[in-house]
Amino acid sequence: EIRSGPIVNMDETTVQVLHEPDRANTTKSYMWVARGGTPGKPVVLFRYHPTRAGSVAADILGDFQGYLQTDGYSGYEALGEREGLRHLGCMAHVRRKFVEVEKTAGKKGKGGTAHAVLDLIGKLYGVESQAEKQKLKPEQIAALRAEKSGPILDKLGALLDARVATTPPKSLLGKAINYARKQWNRLVVYLEDGRLRPDNNLAENAIRPFAVGRKNWLFSGHPRGADASATIYSLIETARVNGLEPYRYLRHLFEHLPAATTNAQRKALLPQYIDPKSLIIPA
């Protein structure tokens, strides 16, 4: 299901799992999330794994061909640029690094490089806001970006290139500049297709409920428990992005799953195939 659409967004976050064979209870494990699926029927898949190895992402993607959007974590580099896979970067991650620079600099940072970069990124998102307000179709969005976002990105790239030689590489600003320049070829890919976004926020929004919940439940007691929670989070977050109220969806699932005896009947119970109106309880 994840591989059935043109775009996959991917992210990962830490999770502590107890009673994991041959590992200390304090060792970090990871919950991975991928968001994809056919247009109009998005799917959110959570996958628990003890490591942050790029092979986990490769396993989730399988033979997927299309656009993959991630942050700049080096583990995704293991996927390479294989035929049929186009890798996008995340402008939101670039922006955060320059926000941190400006916060650290305080008032002295106003008018500096970080401020100029953030101003240009703000203009890029202004174009996205314009496209959203006008409810443009993907081909119209691509045309608008070619006209307005392309020149802004040219200015941003030129600014980064000009500042890198005069900025200490280990400074906060230097690290932000180097990160942006390293990711540059992937940051501009979203210009190619109006269905793409400049950032990976779809994956980050999907994984946020898990990260918030983690503050309350703290850990999983066993790898089987982590796998089970991945399944539950997959169902609930897929229900949510398809406009279903999670509690009503789970009631519907638990009521009908015992009677489902074939794969086709089970597939029909997946959130992306259920009409939200069918779960509304009559007044």
Side-chain angles (χ1 to χ4, degrees), residues 6-11 66-74 76-77 79 81 85-205:
I7 307 164
V8 170
N9 297 81
M10 195 173 289
D11 199 8
Y67 291 100
L68 169 68
Q69 189 160 33
T70 71
D71 57 27
Y73 165 53
S74 60
Y76 296 116
E77 299 294 333
L79 299 171
E81 294 290 347
L85 185 68
R86 193 83 168 97
H87 203 150
L88 287 86
C90 178
M91 190 65 74
H93 273 75
V94 172
R95 183 182 181 279
R96 284 175 207 155
K97 293 183 183 298
F98 285 98
V99 167
E100 189 62 31
V101 173
E102 196 169 58
K103 282 182 180 178
T104 303
K107 292 182 179 180
K108 292 186 292 184
K110 299 298 180 182
T113 299
H115 184 78
V117 168
L118 291 173
D119 182 62
L120 289 169
I121 293 176
K123 290 178 179 177
L124 289 173
Y125 278 96
V127 176
E128 299 304 303
S129 178
Q130 180 183 341
E132 186 176 349
K133 287 178 181 177
Q134 295 179 4
K135 298 180 179 179
L136 300 182
K137 296 178 180 179
E139 59 272 18
Q140 294 173 315
I141 294 174
L144 180 67
R145 288 172 176 168
E147 177 190 351
K148 295 190 174 182
S149 301
I152 298 171
L153 283 165
D154 289 342
K155 290 180 181 178
L156 178 56
L159 176 62
L160 295 171
D161 289 343
R163 295 290 190 273
V164 69
T166 58
T167 305
K170 292 188 177 181
S171 67
L172 206 57
L173 177 59
K175 290 177 180 178
I177 291 174
N178 285 321
Y179 177 85
R181 294 182 77 246
K182 185 178 179 182
Q183 290 291 304
W184 188 256
N185 289 338
R186 292 178 177 172
L187 292 174
V188 299
V189 172
Y190 83 99
L191 295 180
E192 295 178 5
D193 193 319
R195 296 172 300 178
L196 303 175
R197 296 165 57 101
D199 54 55
N200 197 34
N201 286 353
L202 289 177
E204 293 194 14
N205 291 341

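From a predicted model like this one, the values you see are computed outputs, not experimental measurements. Along the sequence shown, residues are numbered consecutively beginning with 1. All heavy atoms count here, side chains included; hydrogens, waters and symmetry mates do not.
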With a 3.5 Å cut-off and sequence neighbours excluded, list the donor-acceptor pairs that the side chains of residues 142-152 form with protein atoms.
residue	atom	partner	partner atom	Å
Arg145	NE	Glu128	OE2	3.0
Arg145	NH1	Tyr190	O	3.0
Arg145	NH1	Asp193	O	3.2
Arg145	NH1	Leu196	O	3.1
Arg145	NH2	Glu128	OE1	2.7
Arg145	NH2	Leu196	O	2.8
Lys148	NZ	Gln130	OE1	3.2

Glu204/Arg96 ion pair, N-O < 4.0 Å
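Looking at Glu204 and Arg96, the cut-off is met.
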Quick one: does any side-chain atom of Ser129 pair with a main-chain N or O of Tyr125 as donor and acceptor, under 3.5 Å?
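Not confirmed, Ser129 side chain does not pair with Tyr125 backbone.
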Main chain of Gly89, side chain of Gln69: is a donor-acceptor contact present, judged purely on distance under 3.5 Å?
yes
Do [X] and [Y] have side chains that approach each other closer than 4.5 Å (heavy atoms only, starting at C-beta)?
| X | Y | answer |
| --- | --- | --- |
| Val94 | Trp184 | no |
| Asn200 | His93 | no |
| His87 | Val189 | no |

How would you list, by chain and number, every residue that makes a side-chain hydrogen bond (donor to acceptor under 3.5 Å, both in side chains) with [X], sequence neighbours excluded?
| X | result |
| --- | --- |
| Asp161 | Arg181 |
| Asn201 | Asp199 |
| Asn205 | Arg208 |
| Tyr73 | none |

Review item, side-chain donor-acceptor pairs of residues 172-179, under 3.5 Å, at least two apart:
residue	atom	partner	partner atom	Å
Asn178	ND2	Gly174	O	3.0
Tyr179	OH	Gly72	N	3.1

